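Structure record follows, encoded as structure tokens.
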Amino acid sequence: MESFLIKGGVPLQGAVEISGSKNAALPIMAATLLTDEPCVIRRVPDLSDTRFMVEILESLGAAVMFENGTVTVHARKIRGYADYELVRKMRGSICIAGPLLARLRQARISLPGGCIIGARPINLHLKGFAALGAKIKIEGGYVDAAAKKLNGATMFLGGRAGPTVLGTANVMMAATLADGVTVIESAACEPEVVDLAKFLNAMGAQISGAGSPTITITGVKKLRGAEHEVIPDRIETATFMVAAGATDGEIAIKGGCADHLRAVIDKLNEAGVSVKRSGADMIVRRKGKLKPVDITTLPYSGFPTDAQAQMMSLLALAPGISIITERIFESRFMHVSELARLGADIEIEGPSAIVKGGRPLSGAPVMASDLRASAALVIAGLAAKGATQVNRIYHLDRGYERMDEKLRRLGARIHRVEEK
Ligand code: EPZ
């Protein structure tokens with residue numbers, strides 16, 4: 001197993017190119033199952049998660065090529081069954097259910113099960129499929145959704161923590177080939193949902209309202225092949241912005257989209273990290289001392305839960321009390337005890353973490369527990385004095401393309417090593 005060995009204390013300098021979005025690419029790759037014609041998806045990040053999705057598409061019978069960021073899929077003839085061994089590797093694979101149900105009127109998928117950040121049920125996905133007329137059966141760890149006919153329907157898809165991103169994506173895809181009009185109320189407004197709707201419309205779907213809480217889909221008889229370029233990864237962008245602030249560096253972000261990051265840029269600004277547009281780039285630098293800030297994670301366009309851990313590393317360096325409240329996932333504070341190993345002073349109280357910031361961090365061996373927690377540990381290691389070893393970086397490789405190379409180009413002393 002691999003780890004990152006980081007020698008901290010170097011301010012990041014230079015430019016970083018942002019990759020395509022993992023969370024947009026995954027449902028867009030699944031959407032290629034909706035047609036028997038070839039599709040071409042560009043700017044797909046080379047990650048273990050996108051490689052898993054390729055395996056899943058191939059296991060369903062599609063011909064797939066993935067080279068230099070371009071994925072070509074031809075799902076001429078497919079089957080409606082995805083087995084546990086593949087699905088368990090990646091929760092995001094649940095988004096093949098909608099396309100299979102739409103195209104084959106039948107989908108049998110292993111239930112994804114929980115994950116370290118929360119229970120993550122799929123009840124809202126199934127509620128949406130049932131509203132379209134599918135019969136749902138859960139047996140032996142599998143969910144079966146089947147329908148002779150799918151009919152458009154109006155449904156409310158809001159849950160305990162508000163809208164569901166992949167639930168909205170799944171139901172939107174299922175409704176593209178249903179008879180009649182579907183209206184999804186309390187739909188997720190994330191840029192990844194908008195990007196998926198854009199691709200589906202390029203395939204001949206009729207979707208309006210993506211990006212707002214009300215999405216309308218008018219069903220069509222058939223979808224065709226299409227080409228699409230995936231949006232930039234806003235969470236990777238946020239991660240590099242935070243790293244620049246935490247190391248007191250100055251970096252230029254290339255190929256990112258500031259409009260997708262207003263809540264993050266607003267909180268960075270409040271914390272003493274400025275983000276300025278310069279042509280197509282964003283220039284990120286500290287402006288004086290870091291300041292404590294309160295953050296609550298919310299559905300888009302609120303502060304993203306996927307940037308919560310990274311911000312905690314930054315606020316551990318800001319003298320004063322910051323309160324971070326996690327409203328989306330029940331247990332997304334796995335990084336707290338590992339940050340404490342680097343000297344951070346953080347207490348958890350219910351859904352909030354009380355960060356008593358300002359204590360200098362010092363390097364130590366730490367353990368990654370999930371994708372964004374591992375990014376937070378890398379940022380803390382870059383800001384800490386001495387050497388930090390971040391173990392189990394396979395978590396990080398799920399969502400960050402060549403992170404160590406990109407950081408080295410910014411002057412960081414970080415290397416991939418075999419875990420002892
Ligand atoms: C997507 O997950 C992202 N994953 C997550 O990113 C991200 O954290 C999340 O959206 C929220 O922004 C991908 O796009 C692949 P949700 P998703 O359904 O769609 C509850 C990362 O780090 N819920 O919007 O699975 C759920 O338990 C990953 O890249 C139900 O109760 O998240 C959670 O509390 C991690 N019932 C909340 O809604 C349901 O049927 C939001 O989950 C579905 C969800």
Side-chain angles (χ1 to χ4, degrees), residues 6-16 18 234-254 256-297 302-304 307-325 335-336 339-340 342-347 352-363 375-386 388 406-407 409-414:
I6 304 168
K7 293 213 179 70
V10 179
L12 299 182
Q13 300 284 345
V16 61
I18 295 300
R234 64 191 166 102
I235 305 300
E236 182 194 24
T237 310
T239 303
F240 277 98
M241 287 175 170
V242 173
T247 60
D248 197 3
E250 175 167 342
I251 68 172
I253 301 234
K254 292 188 172 302
C257 174
D259 295 341
H260 293 165
L261 285 162
R262 293 186 193 285
V264 172
I265 294 172
D266 176 59
K267 286 296 172 186
L268 281 172
N269 204 37
E270 226 181 290
V273 180
S274 84
V275 179
K276 293 260 180 309
R277 292 179 199 234
S278 157
D281 299 351
M282 290 176 265
I283 308 299
V284 187
R285 69 164 78 83
R286 256 216 231 155
K287 37 183 189 158
K289 276 179 73 177
L290 289 175
K291 292 188 283 288
V293 164
D294 294 344
I295 288 174
T296 299
T297 64
F303 191 92
Q308 174 256 99
Q310 300 91 317
M311 273 305 266
M312 192 182 286
S313 294
L314 179 78
L315 296 172
L317 303 164
I321 305 284
S322 300
I323 299 176
I324 299 180
T325 302
H335 39 286
V336 169
L339 286 174
L342 298 170
D345 183 352
I346 306 167
E347 267 170 52
S352 299
I354 319 297
V355 183
K356 298 187 187 117
R359 216 196 260 174
L361 301 182
S362 59
L377 298 179
V378 168
I379 291 170
L382 292 168
K385 204 158 129 302
T388 293
K406 291 187 181 186
L407 284 170
R409 256 191 243 115
L410 294 170
R413 297 178 293 186
I414 178 169

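The model shown is predicted, which means the values in this text are computed figures rather than measured ones.
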### Query
Do K7 and K385 come close enough that some side-chain heavy atom pair is under 4.5 Å?
no

### Query
Between atom CZ of F240 and atom CG of L410, what is the distance when rounded to the nearest 0.5 Å?
6.5 Å

### Task
Applying side-chain contact (heavy atoms from CB on, under 4.5 Å), name anything that partners T239, two or more places apart in sequence or on another chain.
I235, Q310, A375, I379, Y400, M403

### Task
List in chain and number order the residues that pass side-chain hydrogen bond (donor to acceptor under 3.5 Å, both in side chains) with H260, two or more places apart in sequence or in another chain; answer none if no residue qualifies.
none

### Query
If we only count heavy atoms from C-beta on, is the M282 to K254 side-chain gap below 4.5 Å?
no

### Message
If the condition is side-chain contact (heavy atoms from CB on, under 4.5 Å), which residues does R359 pass it with, not counting sequence neighbours?
### Response
D345

### Task
Please lay out, stage by stage, how V355 and I323 fare under the test side chain to side chain contact (heavy atoms under 4.5 Å, CB included).
CA-CA 6 Å; V355 183; I323 299 176; over 6 Å; no

### Summary
Taking every heavy atom of I321 against every heavy atom of K356, the minimum-distance pair comes out as CD1-CG, 3.4 Å

### Message
What I'd like to find out is whether the side chain of R285 reaches to under 4.5 Å of the side chain of S274, using heavy atoms alone.
### Response
yes

### Task
Let me know which of T325, T296, I324 forms a side chain to side chain contact (heavy atoms under 4.5 Å, CB included) with S352.
T325

### Query
Would you say the side-chain atoms of S313 pair up with the backbone N or O of A376, donor to acceptor, closer than 3.5 Å?
yes

#### Entry: G363 versus A384, closest heavy-atom pair with distance
N-CB, 3.8 Å

### For V273, the option from I265, D248, L290 that meets side chain to side chain contact (heavy atoms under 4.5 Å, CB included)
L290

### Task
List for me each residue that meets side-chain hydrogen bond (donor to acceptor under 3.5 Å, both in side chains) alongside R413, sequence neighbours excluded, and say none if there are none.
none

### Summary
Residues pairing under salt bridge (Lys or Arg N to Asp or Glu O under 4.0 Å) where one sits in residues 307-322, two or more places apart or in two chains, turn out to be none

### Message
Looking at V293, is its backbone amide N or carbonyl O close enough to the side chain of S322 to form a donor-acceptor pair, meaning the two atoms are under 3.5 Å apart?
### Response
yes

### Query
For L12, does its backbone N or O pair with a side-chain atom of T247 as donor and acceptor, under 3.5 Å?
yes

### Query
So which pairs with a foot in residues 286-295 pass side chain to side chain donor-acceptor pair (under 3.5 Å), sequence neighbours left out?
N269-K287

### Task
Locate the shortest heavy-atom distance separating L361 from G343; write the atom from each residue and the value.
CD2-C, 3.9 Å

### Euclidean distance, K267 NZ relative to M241 CE, rounded to 0.5 Å
16.0 Å

### Summary
Nearest heavy-atom contact between T388 and G381 is OG1-CA, 3.7 Å

### Note, F303 side chain near D266 side chain (heavy atom, < 4.5 Å)
no

### Query
What pair of heavy atoms forms the shortest contact from A316 to A344, and how long is it?
CB-CB, 4.0 Å

### Query
Heavy-atom distance under 4.5 Å between the side chains of I295 and Q308, does that happen here?
no

#### Entry: side chain to side chain contact (heavy atoms under 4.5 Å, CB included) between I251 and Q13, worked out
CA-CA 5 Å; I251 68 172; Q13 300 284 345; 5.9 Å; no

### Task
Taking the side chain as every heavy atom from C-beta outward, state whether V242 and L268 have any atom pair closer than 4.5 Å.
yes

### Task
Carefully, step by step, assess D259 and R277 under the rule salt bridge (charged side-chain N to carboxylate O under 4.0 Å, His left out).
CA-CA 11 Å; D259 295 341; R277 292 179 199 234; 2.8 Å; yes

### Query
L382 and L407: side chain to side chain contact (heavy atoms under 4.5 Å, CB included), yes or no, with the steps?
CA-CA 10 Å; L382 292 168; L407 284 170; 4.0 Å; yes

### Query
Of all heavy-atom pairs between A246 and A383, which one has the smallest distance, and what is that distance?
O-CB, 3.6 Å

